[in-house]
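Since the structure comes first, as structure tokens, the remarks are kept for the end.
Indexing begins at 1, ligand by ligand and atom by atom, following the structure's order. Below, all heavy atoms of this structure are taken into account, side chains as well, without hydrogens, waters or symmetry copies. Counting from 1, the numbers follow the sequence of the chain as shown.
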Amino acid sequence: MKFFVDTADVDAIRELNDLGMVDGVTTNPSLILKSGRDIKEVTKEICDMVEGPVSAECVALDYDGMISEGRTLAKIADNIAIKLPLTWAGLKACKTLTGEGHMVNVTLCFSANQALLAAKAGATFISPFLGRLDDLSLDGMDLIQDIRTIYDNYGFETQILAASIRNVNHVKDAALIGADVITAPPAVIKSLANHVLTDKGLDAFMADWKKTGQTIA
Ligand code: E4P
């Protein structure tokens, strides 16, 4: 499973990238706002740091605007994945831009049928939003399972990018289902290493070690 980091915070990406945990990055207009940075400038900085795909989102809602913005974003670096919304205009732009050889991440996916359309439009990635479904008391993980089944049934190569990840269980369950990628905030990725019994065990070992009076040199 690939790990993408869901942020435009360069320092947070660098910290995880130095650990070898970053296979790519996803951004969106809200994350660009949060970063306080210029979209082209910060995206270039991220692309220079990370080898894998870096998703940058178009904000035009019409086909022509998406094509123009997508081509502009793609010029930032070779590892740009153009992010487009799951609308008919977005699907049409996906077909055009993937046809030109660009990576495309189709975002704001909330149903298996939407994911089917994205695959037929040639999307490189489909981003089903788990957390936002869970917020409505729906089961976001069911959607990941349905998309996995449909894509496997027909051999679609579009990668399932489980998005809107809110907690460690989302990561584990998406991995068990076989999502190709998760994109999660840095804090969620870092918390994957946490376990209360690890902390407790370490405390006990350290206390006993101190009693031995030894050092390792
Ligand atoms: C990623 O591509 C999405 O933009 C992101 O995961 C959305 O997450 P949110 O629902 O926490 O805003």
Side-chain angles (χ1 to χ4, degrees), residues 1-10 12-13 16-17 21-37 39 42-43 46-47 50 52-61 66 69-70 73-74 76 79-87 90-91 93-94 97-98 102-111 114-115 117-119 121 123-144 147 158-175 177 179-192:
M1 166 176 268
K2 284 178 262 188
F3 278 10
F4 288 4
V5 194
D6 199 22
T7 185
D9 179 335
V10 173
I13 296 167
L16 286 168
N17 197 43
M21 293 294 169
V22 178
D23 299 304
V25 173
T26 51
T27 65
N28 63 38
S30 304
L31 294 171
I32 295 294
L33 172 69
K34 200 170 164 190
S35 76
R37 302 276 308 273
I39 182 170
V42 73
T43 304
I46 296 168
C47 287
V50 173
V54 175
S55 290
E57 189 156 342
C58 294
V59 291
L61 299 179
M66 287 177 187
E69 288 180 359
L73 291 170
I76 294 174
N79 53 338
I80 284 285
I82 302 162
K83 213 171 176 192
L84 297 167
L86 212 152
T87 60
L91 291 168
C94 172
L97 291 167
T98 53
H102 301 298
M103 290 187 282
V104 171
N105 175 0
V106 177
T107 190
L108 289 166
C109 171
F110 294 95
S111 81
Q114 287 181 317
L117 290 175
T124 317
F125 301 102
I126 181 68
S127 289
F129 278 31
L130 298 181
R132 294 193 194 187
L133 285 167
D134 286 4
D135 291 346
L136 299 177
S137 301
L138 297 167
D139 191 343
M141 214 49 73
D142 282 351
L143 175 58
I144 301 294
I147 299 172
T158 299
Q159 295 181 52
I160 301 172
L161 200 177
S164 190
I165 295 268
R166 302 275 167 78
N167 57 57
V168 294
N169 287 331
H170 279 159
V171 177
K172 180 194 70 175
D173 292 340
I177 288 169
D180 301 285
V181 191
I182 54 103
T183 188
V188 172
I189 294 178
K190 286 174 82 175
S191 67
L192 293 173

Near Arg132, which atoms of ligand 1 are under 4.0 Å from a heavy atom of that residue? 7 (C), 9 (P), 10 (O), 12 (O)
Nitrogen or oxygen of Thr183 less than 3.5 angstrom from that of ligand 1: no
So which protein heavy atom does atom 5 (C) of ligand 1 come closest to, and at what separation? Asp6 OD2, 2.9 Å
Keeping the roles fixed (side chain from Thr158, backbone from Phe125), state whether a donor-acceptor pair exists under 3.5 Å. no
Check: Glu69 side chain, Ala60 main-chain N or O, donor-acceptor pair, under 3.5 Å: yes
Could you tell me whether some N/O pair between Thr27 and ligand 1 is separated by less than 3.5 angstrom? no
Residue pairs meeting salt bridge (charged side-chain N to carboxylate O under 4.0 Å, His left out), one or both in residues 161-175, sequence neighbours left out, come to Asp135-Arg166
Does a donor on one side chain and an acceptor on the other come within less than 3.5 Å for Thr26 and Asp6? yes
With a 4.0 Å cut-off on heavy atoms, is Glu57 touching ligand 1? no
Which atoms of ligand 1 have any heavy atom of Lys83 under 4.0 Å away? 1 (C), 2 (O), 3 (C), 4 (O)
Could you tell me which atoms of ligand 1, counted from 1 in the order shown, lie closer than 4.0 angstrom to a heavy atom of Phe129? 3 (C), 4 (O), 7 (C)
Would you compute the distance between atom CD1 of Ile39 and atom CG of Leu73 and round it to the nearest 0.5 angstrom? 5.5 Å
In this structure, atom 8 (O) of ligand 1 is nearest to the protein heavy atom Ser164 CA, 3.4 Å
Give, for atom CG of Leu161 and atom NZ of Lys83, the distance between the pair rounded to the nearest 0.5 Å. 8.0 Å
Reported CG-to-OG1 distance for the pair Leu61 and Thr87, which is rounded to 0.5 angstrom: 7.5 Å
Contact check: Asn28 vs ligand 1, nitrogen or oxygen atoms, below 3.5 angstrom: yes
